[in-house]
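Sending over a structure as structure tokens; questions will come in a sec.
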Amino acid sequence: MSNTNNVENETENTAEVVSRNFIEQIIDKDIEEGTYEKIVTRFPPEPNGYLHIGHAKSIILNSGLAKEYNGIFNLRFDDTNPTKEKSEFVNSILEDVKWLGADFRDEIFYASDYFDAMYEGAIKLIKKGKAYVCDLTADEIREYRGTLKEPGKESPYRNRSVEENLDLFERMKNGEFEDGSKVLRAKIDMASPNINMRDPVIYRIARMEHHRTGDKWCIYPMYDFAHPIEDAVEGVTHSICTLEFEDHRPLYDWVVRELEYVHPPKQIEFAKLYLQNVITGKRYIKKLVEDGVVDGWDDPRLVSISALRRKGVTPEAIRMFIELSGISKANSVSDMAMLEYCIREDLRMKAPRWMAVLDPIKLVIDNYPEGESELLEVENNQENEELGKRMVSFSRELYIDREDFMEEPPKKYFRLFPGNEVRLKNAYFVTCTDYIKDETGKVVEIHCTYDPATKSGSGFEGRKVKGTIHWVDASTCVDAKVRLYENLIAEGDDVLKEDYSNLNPNSLVELKDCKLEAAFADASAGDRFQFLRHGFFCVDSKDSGKDNLVFNRIVSLKSSYKPGK
Ligand code: ATP
Ligand code: MG
């Protein structure tokens with residue numbers, strides 16, 4: 001036994017060495033050089049919306065690194081901007097991070113808890129002659145900042161004395177000045193080629209209620225000043241963020257250097273996750289929710305974490321997808337088909353495979369004794385014995401899916417048509433003898449005969465049939481609604497138009513009259529199944545009830561994605 005383990009470990013180690021991403025390489029070096037004792041990472045969401053699949057990438061990356069290096073992973077709400085934050089978002093974020101299985105430190109952090117530390121940091125900068133109070137208006141500051149081609153111009157307030165700055169800044173805090181009338185700026189370099197370094201504003205006056213600190217503060221720190229302090233106070237070692245912050249890194253480094261932290265954190269940028277033809281940005285998802293295009297943040301057509309969860313996607317599938325999509329410094333776009341592949345892979349063995357008829361049509365077996373029925377013992381998942389068996393009832397009247405019957409079939413159609421014999425999955429062979437239409441010409445009932453000798457599992461070795469179809473027993477089946485989802489953006493378009501004129505009209509189709517085998521009667525919210533020959537489905541957590549079953553299609557069985565391509 002121990003031998004096998006050794007071999008396994010060896011393979012694991014070799015694989016790790018080969019596939020180390022650029023962030024792991026940086027951390028390896030930091031450890032080798034003794035820069036940090038323990039690795040600390042964090043996920044710092046701004047509570048101004050729900051998390052989406054892109055955030056899942058950041059969560060899985062940061063928590064994964066902490067785990068890999070036996071370090072610590074912090075969840076910190078970046079709530080320094082009081083205008084947008086809502087407790088609803090804090091709660092949803094907590095739920096989503098937990099659901100994804102990220103192991104964060106018990107204590108939850110809030111950037112607003114560091115307002116005092118940030119205020120003291122500002123005082124320290126002033127005392128070092130590295131920050132000053134500026135009376136220019138926002139427009140003037142913008143004008144003075146210069147452009148990419150031209151250097152900026154120094155503010156006339158730049159050379160105020162330390163004493164005057166200390167006095168003014170304290171009075172800013174005490175509420176003596178109007179909103180927007182003064183700011184505190186870092187004194188760096190108005191001629192820097194990096195515009196972020198041209199005396200950036202680090203504090204502003206704004207009388208706004210904060211969801212945690214109330215009206216204690218009327219000055220609030222700017223993101224670029226606040227974020228490095230948050231990281232440093234928490235002892236974060238590697239502050240991993242997305243590429244758009246690359247140009248802000250010199251300022252990040254300036255702040256932690258000037259504030260003289262003993263083990264300053266290090267910012268590392270990676271490329272965001274984008275999905276082809278799918279709306280991922282928080283701002284854009286928010287707009288769809290607010291405009292009522294979708295039914296809330298957890299509408300299964302979205303890729304917010306709560307929507308994916310409600311649809312029935314597993315955290316394991318999301319993790320597999322994030323791992324497959326890789327960590328890189330170059331922007332790229334991932335394919336939804338890859339996520340769907342991961343979902344199928346994850347659910348293939350886990351989900352029971354039961355029978356469900358989505359577009360029912362009656363099938364009557366004329367030679368099956370009226371009033372009788374039998375129970376057939378059927379495996380729940382042919383590839384996974386562990387899921388056990390169940391009893392499926394069979395009787396004279398069944399339902400099959402409409403698409404499994406044709407009056408006049410084309411060549412290579414092996415399902416039911418007049419005169420043809422097929423296998424009813426897990427049951428008997430039946431031969432179609434007749435069918436009945438209504439006044440509109442729609443087929444409403446099919447008649448057949450069965451051969452009792454062909455019972456599934458009886459060892460019958462007689463005739464072969466080419467088609468196998470699924471069915472449910474009309475006398476015991478349960479009713480359900482089934483929701484099928486497609487992309488929100490109409491096929492052929494990449495982006496959703498402002499006026500929503502290219503919304504996919506089929507993004508949600510609800511089938512109202514589905515017939516499911518009796519076992520489904522006990523399914524409860526969040527349960528996942530494979531509907532044989534149809535796909536993977538999940539009991540909707542919002543709208544489904546005991547006598548009103550509602551299922552969401554997680555993914556169909558067909559795949560266009562091939563791993564490694
Ligand atoms: P969005 O870009 O959707 O508006 P955001 O970046 O404003 O999101 P935050 O709450 O500020 O949302 O993000 C928290 C963390 O998640 C940040 O570290 C951010 O870099 C990361 N993040 C956001 N979107 C993605 C993405 N698409 N891929 C990877 N990481 C992301
Ligand atoms: Mg943001």
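One-based numbering along the sequence shown. Remember, it's 1-based here, ligands and their atoms both numbered in the order they're listed.
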Could you pull out every donor-acceptor pair under 3.5 Å between side chains of residues 54-63 and any protein atom, sequence neighbours left out?
residue: His55; atom: ND1; partner: His52; partner atom: N; Å: 3.0
residue: Lys57; atom: NZ; partner: Gly326; partner atom: O; Å: 2.7
residue: Ser58; atom: OG; partner: Asn62; partner atom: ND2; Å: 3.4
residue: Asn62; atom: ND2; partner: Arg42; partner atom: O; Å: 3.4
residue: Asn62; atom: ND2; partner: Ser58; partner atom: O; Å: 2.9
residue: Ser63; atom: OG; partner: Ile59; partner atom: O; Å: 2.7

| Salt-bridge criterion met for Glu95 and Arg309 (N-O under 4.0 Å) |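 Salt bridge between Glu95 and Arg309, a charged N being under 4.0 Å from a carboxylate O: yes.
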| Glu244 to ligand 1: N or O pair under 3.5 Å? |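 Between Glu244 and ligand 1 (N or O atoms, distance only) the closest approach is not under 3.5 Å.
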| query | Under a 4.0 Å N-O cut-off, is there an ion pair linking Arg20 with Glu68? | reply |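 Between Glu68 and Arg20 there is a salt bridge, with a charged N closer than 4.0 Å to a carboxylate O.
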| With a 4.0 Å heavy-atom cut-off (strictly under), which part of Phe245 contacts ligand 1: side chain, backbone, both or neither? |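 Answer for Phe245: neither.
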| field | Parallel, tilted or perpendicular: rings of Trp297 and Tyr50 (30°, 60°) | value |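 Because their plane-to-plane angle is under 30°, the rings of Tyr50 and Trp297 count as parallel.
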| Relative to atom 12 (O) of ligand 1, which among Lys286, His55, Glu46 owns the nearest non-hydrogen atom? |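 Among Lys286, His55, Glu46, the closest heavy atom to atom 12 (O) of ligand 1 belongs to His55.
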| field | N-O pairing of Glu33 and Lys29 below 4.0 Å | value |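 Looking at Glu33 and Lys29, the cut-off is met.
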| field | Asn48 N/O to ligand 1 N/O under 3.5 Å | value |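 N/O-N/O distance under 3.5 Å: no.
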| request: Using distance alone, decide if ligand 1 has a nitrogen or oxygen within less than 3.5 Å of any nitrogen or oxygen in Arg283. | output: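 It does not: no N or O of Arg283 is found under 3.5 Å from an N or O of ligand 1.
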| task | Please confirm whether Lys57 comes within less than 3.5 Å of ligand 1 when only nitrogen or oxygen atoms on both sides are compared. | result |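 No, no N or O pair falls under 3.5 Å.
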| Where's the contact between Phe43 and ligand 1, heavy-atom distance under 4.0 Å: side chain, backbone, both or neither? |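 Contact part for Phe43 vs ligand 1: side chain (C-beta onward).
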| said: Restricting to side chain to side chain contact (heavy atoms under 4.5 Å, CB included), what partner residues turn up for Pro45, sequence neighbours left out? | reply: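 By the side chain to side chain contact (heavy atoms under 4.5 Å, CB included) rule, Pro45 matches Phe43, Leu51, Leu75, Phe77, Ile93.
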| field | Nearest option to atom 30 (N) of ligand 1, as decided by whichever heavy atom of Ser325, Gly54, Gly281, Ser239 sits closest | value |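 Result: the heavy atom closest to atom 30 (N) of ligand 1 is in Gly54.
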| Does Tyr274 reach ligand 1, in the sense of a heavy atom lying below 4.0 Å from it? |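 No, Tyr274 has no heavy atom closer than 4.0 Å to ligand 1.
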| said: Going by the closest heavy atom to atom 24 (N) of ligand 1, which one wins out of His227, Lys272, Lys282? | reply: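 Considering heavy atoms of His227, Lys272, Lys282, the nearest to atom 24 (N) of ligand 1 sits in Lys272.
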| field | Side chain Asn504, main chain Asn506, donor-acceptor under 3.5 Å | value |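 Checked: pair present.
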| Would you say Leu273 has any N or O atom under 3.5 Å from an N or O of ligand 1, going by distance alone? |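 Min N/O separation from ligand 1 is below 3.5 Å for Leu273.
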